[in-house]
Amino acid sequence: MKPLPPEFYGRPVLEVAPDLIGCTVVHGETAGTIVETEAYHQEEPACHAYVGLTARTRTLFGAPGRAYVYRSYGIHAMLNAVCEPEGVGAAVLIRALAPEAGIELMRARRGVSDERELCSGPGRLTQALAIGLELNDTPLDHGEVVVLPREGPVPAVVSSVRVGITKAAELPWRFSAVSNPNVSRPWPWRTARGRRRAPEGAVASRSG
DNA sequence: CATGGGATTGACT
DNA sequence: GTCAATCCCATGC
């Protein structure tokens, strides 16, 4: 299976974020299917690129299809896929995976045994797959970390508000695979904020 | 150069 | 429900 090419990412971030649900992240012997993402764009203040081009945001403004990895709360690494054409600061945060390969290795790295706790959060999945800051700005189609296209049917996806942000908190730019136990809390599919999205076609709602 | 605020998690009340 | 850990980096003096 060939990795997704840069052209896949060089589109509007609100199209790429739901399209990544069901795709597979591979690093070494470990791999998992994406079940939760969030979109970030330079025009809204929750995005790091909102402040413009700096040393930190250089990757975000660079070519699409590369990894943007940064440290959050001084502890966790966050894995993003850079999107939109070069010069536009936008990315999709990979928030949760369904473990597929190297599960015992993930258990050892995470120190927990429950499969649902291995990759159900952005900090958890980078620990389970051993994705660190050294992978920032590496290509996702021929680098150490690769993303493979969906193999099965298009999954049902629900959009909801993003997690853990204070600015532009009302935008429904979080996308989750419906009823998948590997999605991080809070689960959106029972809440009033969650909105089901057609399995195919339509772009996510901007208005909530 | 000092400061403050996180795209989080896990432990605890 | 609350809270601390821990560090990068944007910002302001």
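Both backbone and side-chain heavy atoms feed into the values below; hydrogens, waters and symmetry mates do not. Every chain is numbered from 1, with letters handed out A, B, ... down the list of sequences. Fair warning: this is a prediction, and the values are worked out from it, not measured in the lab.
Within the structure, a side-chain polar atom (N or O) of Arg110(A) is placed less than 4.0 Å from OP1 or OP2 of dG10(B). Contact annotation: His76(A) does not reach the phosphate of dA7(B) (side-chain N/O to OP1 or OP2, under 4.0 Å). Arg185(A) has no side-chain polar atom (N or O) that falls below the 4.0 Å cut-off from OP1 or OP2 of dT9(B). Contact annotation: Thr54(A) reaches the phosphate of dA10(C) (side-chain N/O to OP1 or OP2, under 4.0 Å).
Among the protein residues, Ile165(A) comes within range of the sugar-phosphate backbone only, with heavy atoms under 4.0 Å from sugar or phosphate atoms but none that close to a base. If you check every strand for non-hydrogen atoms under 4.0 Å, Arg162(A) touches nothing.
Closest heavy-atom contact between Glu44(A) and Ala39(A): OE2-O, 4.3 Å.
The closest side-chain heavy-atom distance from Val146(A) to Leu4(A) is not below 4.5 Å.
Distance CG (Leu133(A)) to P (dT6(C)): 16 Å, rounded to an integer number of Å. Regarding Leu125(A), its CG atom lies at a distance of 17 Å from the P atom of dA7(B), rounded to whole Å. For the pair Tyr50(A) OH and dG5(B) P, the interatomic distance rounds to 18 Å; values are reported in whole Å. When rounded to the nearest whole Å, the span between CD of Gln42(A) and P of dA10(C) equals 15 Å. Across the protein-nucleic acid pair, Asn136(A) atom CG and dA7(B) atom P stand 16 Å apart, rounded to whole Å. Rounded to whole Å, the distance from CD1 on Ile75(A) to C1' on dC3(C) is 12 Å. Whole-Å rounding puts the Arg71(A) CZ to dA10(C) C1' distance at 18 Å. Going from atom CD of Glu117(A) over to atom P of dT8(B) covers 17 Å, rounded to whole Å.
Closest-nucleotide positions on DNA chain B for His48(A) and Val112(A) were compared, and the one nearer the 5' end corresponds to His48(A). Nearer the 5' end of DNA chain B, as judged by each residue's closest nucleotide, is the contact made by Thr166(A), out of Thr166(A) and Gly123(A). Mapping Arg56(A) and Tyr73(A) onto DNA chain C via the closest heavy atom, the residue that lands nearer the 5' end is Tyr73(A).
Crowding of Glu134(A) atom CD: a count of heavy atoms from other residues, nucleotides or ligands under 6.0 Å exceeding 12.
A salt bridge links Arg95(A) with Glu38(A): the distance from a Lys NZ or Arg NE/NH1/NH2 to an Asp or Glu carboxylate oxygen falls below 4.0 Å. The pair Glu117(A)-Arg124(A) does not count as a salt bridge, with every side-chain nitrogen at least 4.0 angstrom from each carboxylate oxygen.
Residues Asn136(A) and Thr59(A) have side chains that bring a donor and an acceptor to within less than 3.5 angstrom of each other.
Here Tyr70(A) does not count as stacked on dA7(B), because the ring centres are not under 5.5 angstrom apart with planes under 30°.
Seen from the ring of Tyr40(A), Arg162(A) counts as a face-on cation partner, given the 6.0 Å and 45° thresholds.
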Check: Given pairs defined as Watson-Crick or G-U wobble with both distances under 3.5 Å, what dot-bracket annotation applies to DNA chain B, with ( ) intrastrand, [ ] crossing, | other strand and . unpaired?
Finding: ||||||.|||||.

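Note that NE2 of His41(A) and CG of Leu60(A) are 11.0 Å apart. Values are rounded to the nearest 0.5 Å.
In this structure, of dA10(C), dT9(B), dT8(B), it is dT8(B) that holds the atom nearest to the side chain of Arg95(A).
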